[in-house]
*Asks:* 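Would you mind keeping the following structure in view while I ask a few things?
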Amino acid sequence: MKTTDFEEEILKEISATEKNKTKKIPLIRPFIDKEELEAVWKVFQSGYLAKGPTAKLFESEFTEYLGIKHASAVSSCTTALHLALVCLGIGPGDEVIVPDFTYPATGHVVFHVGAKPILVDIDLKTFNLDPAKLEDAITENTKSIIVVHLFGYPAEMSTILEIAEKYDLSIIEDAACAIGTLYKGKKAGTFGDIGCFSFHARKLLTTGEGGMLVTDNDEYVKIAHSMKDFGIRIVSNKVYFTHPGFNYRLSDVLAAIGRIQLKKIDKILEKRKEISKVYTELLSDVEGIIPPHIEPHVTHTYQSYVILLDEKFGVNRDKVIELMAQRGIESQIGTYSLHLQPCYKRLNFNPKNLINSSIAFRNSLTLPLFHHMTLDQVEFVANALKNIQKNQ
Ligand SMILES: Cc1ncc(COP(=O)(O)O)c(C=O)c1O
């Protein structure tokens with residue numbers, strides 16, 4: 001792959017840093033360079049730092065990329081998810097189904113509208129909501145399902161959509177990790193009523209912090225645009241505040257970064273796929289390591305490269321993180337089991353129904369993966385895991 005001068009500079013800087021720091025391999029390093037800086041500078045010069053034209057341009061480019069009608073740029077995926085529930089009119093007395101294994105933001109927003117999250121177990125092969133467990137969780141109060149495409153791997157949408165239709169439930173897609181993810185050739189975030197993306201620093205497209213709400217529904221986008229902006233409505237050039245809204249807007253400064261990142265997204269995704277392929281080749285034969293599973297009808301974008309350790313590995317996950325750190329490698333847990341977090345305990349979910357999520361919470365491990373990661377570094381990480389296992 002051809003590299004630009006600026007990328008060469010970064011590569012040199014990385015290799016110099018690595019020599020000085022004896023092979024420190026970070027979990028993530030955003031792929032961001034001079035182009036983003038120049039775009040931000042232009043926004044500075046325009047004088048419109050908050051609510052200027054740039055966020056609007058970013059929205060329209062995002063809709064083109066996804067092949068969807070509307071987008072509303074917001075301050076994070078969490079605020080997009082909150083707005084999505086507001087758009088759908090979810091409130092007190094309602095239940096919303098949420099996979100138990102996810103970043104807690106997915107479940108937290110359900111509390112924010114006064115509704116109750118209903119936690120459902122995952123399929124350990126994909127780390128996503130297990131559609132076979134979905135129907136048992138539906139009651140007469142269920143209004144919506146928040147589907148997560150965790151780590152960039154799509155949820156099993158065909159079955160989920162069928163069940164949602166059967167029970168007349170809306171679907172919100174938490175596509176925080178899943179820009180560019182494909183399920184049967186269609187982009188994640190475009191299946192449900194509303195899709196929500198994250199541009200946090202660890203995400204594939206980053207603005208530092210940021211997010212996007214997308215939808216084909218004309219009414220939902222009107223609500224989102226208004227509610228992210230204090231509940232504003234402009235009629236005949238007059239400003240009215242029709243609802244007590246929030247300030248969830250994405251600033252033009254950050255939107256400028258997002259526009260450049262969106263131009264680079266194919267390159268970003270391609271590189272992640274290349275690196276992940278090497279990881280999987282190197283780790284497939286290691287006893288006790290289960291690399292990410294890929295079905296033929298999906299495209300995994302590897303927002304995170306997450307493996308599962310089973311008992312044959314012989315060393316527990318937390319100890320592995322410690323031993324990797326001693327070798328200068330940053331690794332991390334996959335993500336969280338909501339029912340084990342203090343703020344969900346009061347809902348008294350039966351842990352026996354959430355076994356896979358607990359296993360994933362205990363045994364999943366995220367390995368370093370970043371755009372300028374070299375194949376030597378990938379090998380170094382894979383060998384470290386092998387050595388940890390050999391010496392247990
Ligand atoms: C699955 C999932 N949903 C939601 C979020 C929240 O995203 P943000 O940090 O943009 O609010 C994250 C962030 O890590 C996530 O991984």
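Counting starts at 1 for both ligands and their atoms, following the listed order. Quick note: residue numbers are just sequence positions, from 1. Just so you know, these numbers come straight off a predicted model, no measurement behind them.
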*Asks:* Near V148, which atoms of ligand 1 are under 4.0 Å from a heavy atom of that residue?
*Replies:* 1 (C)
*Asks:* Side chain, backbone, both or neither: which part of C77 comes within less than 4.0 Å of ligand 1 when only heavy atoms are counted?
*Replies:* both
*Asks:* For the rings on Y248 and F230, is their centre-to-centre separation under 6.0 Å?
*Replies:* no
*Asks:* Is a side-chain donor-acceptor pair under 3.5 Å present for S337 with R362?
*Replies:* no
*Asks:* Is there a heavy atom in G211 that sits closer than 4.0 Å to ligand 1?
*Replies:* no
*Asks:* Would you confirm whether E95, through its side chain, and K143, through its main-chain N or O, come within 3.5 Å as a donor-acceptor pair?
*Replies:* no
*Asks:* Side-chain donor-acceptor pair under 3.5 Å between Y220 and H70, yes or no?
*Replies:* no
*Asks:* Counting from 1, what ligand 1 atoms have a heavy atom of T106 closer than 4.0 Å?
*Replies:* 3 (N)
*Asks:* Which label fits F31 and H372: parallel for a plane angle under 30°, tilted from 30 to 60°, or perpendicular past 60°?
*Replies:* perpendicular
*Asks:* Decide whether an N or O pair under 3.5 Å exists between Y103 and ligand 1.
*Replies:* no
*Asks:* When you look for heavy atoms under 4.0 Å from ligand 1, do you find them on the side chain of C177, its backbone, both, or neither?
*Replies:* side chain
*Asks:* Suppose we measure from atom 10 (O) of ligand 1 to each protein heavy atom; which comes out shortest, and what is that distance?
*Replies:* S198 OG, 2.7 Å
*Asks:* What residue and atom, counting heavy atoms only, is the protein's closest point to atom 3 (N) of ligand 1, and at what distance?
*Replies:* D174 OD2, 2.7 Å
*Asks:* Out of curiosity, is K203 lining ligand 1, as in a heavy atom under 4.0 Å away?
*Replies:* yes
*Asks:* Could E274 and K277 be called an ion pair, given the rule that one side-chain N must be under 4.0 Å from one carboxylate O?
*Replies:* no
*Asks:* Hey, is T102 touching ligand 1 through its side chain, its backbone, both or neither, going by heavy atoms under 4.0 Å?
*Replies:* side chain
*Asks:* Without hydrogens or angle criteria, can the side chains of K228 and S72 be said to hold a donor-acceptor pair below 3.5 Å?
*Replies:* yes
*Asks:* Could you list which atoms of ligand 1 come closer than 4.0 Å to a heavy atom of A105?
*Replies:* 4 (C), 6 (C)
*Asks:* For Y302 and Y153, what are the C-alpha separation, side-chain angles and deciding distance, and is it a ring pair (Phe, Tyr, Trp, His ring centres under 6.0 Å)?
*Replies:* CA-CA 7 Å; Y302 300 100; Y153 191 94; 8.7 Å; no
*Asks:* Name the residue from T280, T366, I275, V381 that meets the side chain to side chain contact (heavy atoms under 4.5 Å, CB included) definition with Y305.
*Replies:* T280
*Asks:* Taking 4.0 angstrom as the limit and counting only heavy atoms of A176, give me the atoms of ligand 1 inside it, by number and element.
*Replies:* 2 (C), 3 (N), 4 (C), 5 (C), 12 (C), 15 (C)
*Asks:* Looking only at protein heavy atoms, which one is nearest to atom 6 (C) of ligand 1, and how far off is it?
*Replies:* T78 OG1, 3.5 Å
